[in-house]
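These figures come from a predicted structure and were not determined experimentally. Residue numbering restarts at 1 for every chain, and letters A, B, ... go by the order of the sequence lines.
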Protein chains: 2
Amino acid sequence: MTYKNSKQRELILEYMQGINAHVSAEEIYENINKEEKKISLATVYRNLGILEDLQKVKKIALPQERYVYDKTCNPHYHFYCEKCKTLYDLDEPYKLELDKTISDNEVIGKIDGHDIIFKGVCRNCK
Amino acid sequence: MTYKNSKQRELILEYMQGINAHVSAEEIYENINKEEKKISLATVYRNLGILEDLQKVKKIALPQERYVYDKTCNPHYHFYCEKCKTLYDLDEPYKLELDKTISDNEVIGKIDGHDIIFKGVCRNCK
DNA sequence: TTGGATGCAAAGGTTTTGCAGTAAT
DNA sequence: ATTACTGCAAAACCTTTGCATCCAA
């Protein structure tokens, strides 16, 4: 499908380019509409999908809002098959040194750990 | 708050211990109730929260279902402040070698890349 | 003129909450 | 007796969809 130009899509893109933060669809909607209504929420969602498709924007999962549960609580990494949507546990040892590497970053106060999700296609699906 | 024992909570824990997969609250609910009704969906949710609190279970964000958007599309890592819920970009270079390290895993067919989210408390909140 | 894009409202899906009753300590 | 836990239904969220209309090509 070929996309046509759209004022609303440009508004979103401009807004995203102008800020330096991660924002939800709702926030994008509200900030663009600060003064007068210029875009609807449904349009924001639709265009975020398109912009993602065009690789102008990327979706990120926040660590607080989640969907599946894991009985393994020790730190371990995951592999996510983009075809069958299965999440596999990996037995790769936890890389403590990663936490150290970034710990002197200017925004970081204290590090509790990290999660890694590898993405690709599993052997079954390939 | 001190937790009391609960049949339903044990059912969930037993179920989780008995499987080797990542499951949603809905799936837990359905599988436990396979034979006869033993637990309600609301109770599953409530107990998953408690079990998470007790570190018996861990929530995981799937890479497909997400909430915030990032205008930076090149691969980069994130730091998530658990206090103010802010997601920061890190400028740590992408570690290609990680993908290679795990690529000979038995379940992995093809690797497209990985995401890392570091978690902790940001300098502002500390 | 054609087909993608829009706004609105309705629908869908997931998670939380209020409440009255139940069970654990 | 006290307080957590339960089921149920309603509510709260977030996201998608149907539809008539609008607008870019």
Side-chain angles (χ1 to χ4, degrees), chain A residues 1-16 21-70 80 85-87, chain B residues 1-16 21-70 80 82 85 87:
Chain A
M1 207 231 282
T2 24
Y3 299 121
K4 295 185 176 174
N5 281 351
S6 117
K7 283 255 170 59
Q8 285 80 353
R9 188 142 65 236
E10 271 165 46
L11 278 175
I12 295 176
L13 208 44
E14 276 169 30
Y15 171 70
M16 297 292 285
H22 303 87
V23 283
S24 65
E26 185 74 34
E27 287 171 306
I28 294 172
Y29 166 72
E30 280 176 4
N31 282 309
I32 291 182
N33 285 329
K34 272 281 168 57
E35 294 145 31
E36 43 182 312
K37 291 265 172 248
K38 290 160 197 150
I39 195 171
S40 79
L41 187 52
T43 298
V44 172
Y45 276 107
R46 276 187 283 236
N47 276 301
L48 282 172
I50 294 175
L51 290 172
E52 214 195 337
D53 192 42
L54 296 172
Q55 315 234 48
K56 303 264 176 126
V57 133
K58 204 183 159 199
K59 276 179 173 179
I60 303 168
L62 284 192
Q64 52 175 163
E65 337 245 358
R66 303 129 176 177
Y67 297 84
V68 293
Y69 292 82
D70 190 344
Y80 179 70
K85 314 297 183 194
T86 301
L87 192 69
Chain B
M1 208 230 283
T2 25
Y3 299 121
K4 294 183 176 174
N5 280 350
S6 119
K7 284 255 171 57
Q8 285 80 352
R9 188 142 67 235
E10 270 165 46
L11 277 175
I12 296 177
L13 207 45
E14 276 169 29
Y15 171 71
M16 297 292 285
H22 302 87
V23 283
S24 65
E26 185 73 34
E27 288 171 304
I28 294 172
Y29 166 73
E30 281 176 2
N31 283 308
I32 290 183
N33 286 327
K34 271 281 168 60
E35 295 145 31
E36 42 180 314
K37 289 265 173 248
K38 291 160 197 149
I39 195 170
S40 78
L41 187 53
T43 298
V44 172
Y45 276 107
R46 276 187 282 235
N47 276 300
L48 282 172
I50 293 175
L51 290 172
E52 214 195 339
D53 192 42
L54 297 173
Q55 315 235 49
K56 302 265 176 125
V57 132
K58 204 183 158 196
K59 277 179 174 178
I60 303 168
L62 286 191
Q64 52 176 162
E65 336 244 0
R66 302 131 175 177
Y67 297 83
V68 293
Y69 292 81
D70 191 345
Y80 180 71
E82 290 169 323
K85 314 295 184 195
L87 192 69

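- Checking the phosphate oxygens (OP1, OP2) of C:dT6, a side-chain nitrogen or oxygen of A:S6 falls inside 4.0 Å.
- Atom CD in A:E10 sits about 13 Å away from atom C1' in D:dC23, given to the nearest Å.
- Between A:L48 atom CG and C:dT6 atom P the separation is 11 Å, expressed in whole Å.
- Residue A:T43 places at least one side-chain N or O under 4.0 Å from the OP1 or OP2 atom of C:dG7.
- Of all heavy-atom pairs between B:V44 and B:I12, the closest is CA-CD1, 3.9 Å.
- At D:dT15, one or more side-chain N or O atoms of A:Y45 fall inside 4.0 Å of OP1 or OP2 (strictly under the cut-off).
- Rounded to an integer number of Å, the gap from B:I28 CD1 to C:dT15 P is 10 Å.
- Of the two residues near DNA chain D, B:K7 and B:K4, the one whose nearest nucleotide lies more 5' is B:K4.
- Of the inter-residue distances, the one linking B:I28 atom CD1 with B:M16 atom CE reads 4.5 Å to the nearest 0.5 angstrom.
- Within 4.0 Å of A:K38, counting heavy atoms only, lie sugar-phosphate atoms of the nucleic acid but no base atom.
- Spacing between atom CG of A:L54 and atom P of C:dG4 amounts to 14 Å, rounded to whole angstrom units.
- Atom-to-atom, CG of A:N33 to P of C:dT6 comes out at 13 Å; the value is rounded to the nearest Å.
- Residue A:R46 has no polar side-chain atom (N or O) positioned under 4.0 Å from OP1 or OP2 of C:dT6.
- Out of D:dA4, D:dT6, D:dT15, the shortest distance to the side chain of A:L41 is found at D:dT15.
- No donor-acceptor contact under 3.5 angstrom links the side chains of A:Y29 and A:K38, judged on distance only.
- Contact annotation for A:E26: no contact, since no heavy-atom pair falls under 4.0 Å across all strands.
- Contact between the side-chain N/O atoms of A:N5 and the OP1/OP2 oxygens of D:dA25 is found at a separation under 4.0 Å.
- Atom CD1 in A:I39 sits about 14 Å away from atom C1' in C:dC8, given to the nearest Å.
- Mapping B:A42 and B:Y3 onto DNA chain C by nearest heavy atom places B:A42 at the nucleotide closer to the 5' end.
- Counting only heavy atoms from C-beta on, A:N47 has its side chain closest to C:dT6 among C:dT6, D:dT6, C:dA5.
- Checked against D:dT6, C:dG7, D:dT17, the side chain of A:Q8 finds its nearest nucleotide in C:dG7.
- Proximity of B:E10 to B:L13: side-chain heavy atoms (C-beta onward) are nowhere separated by under 4.5 Å.
- Between the CZ atom of A:R9 and the P atom of D:dC23 there is a distance of 16 Å, rounded to whole Å.
- Rounded to whole angstrom, the span from the CD1 atom of A:I50 across to the P atom of D:dT16 amounts to 12 Å.
- For the atom pair B:N33 CG and B:Y15 OH, the distance stands at 11.0 Å (nearest 0.5 Å).
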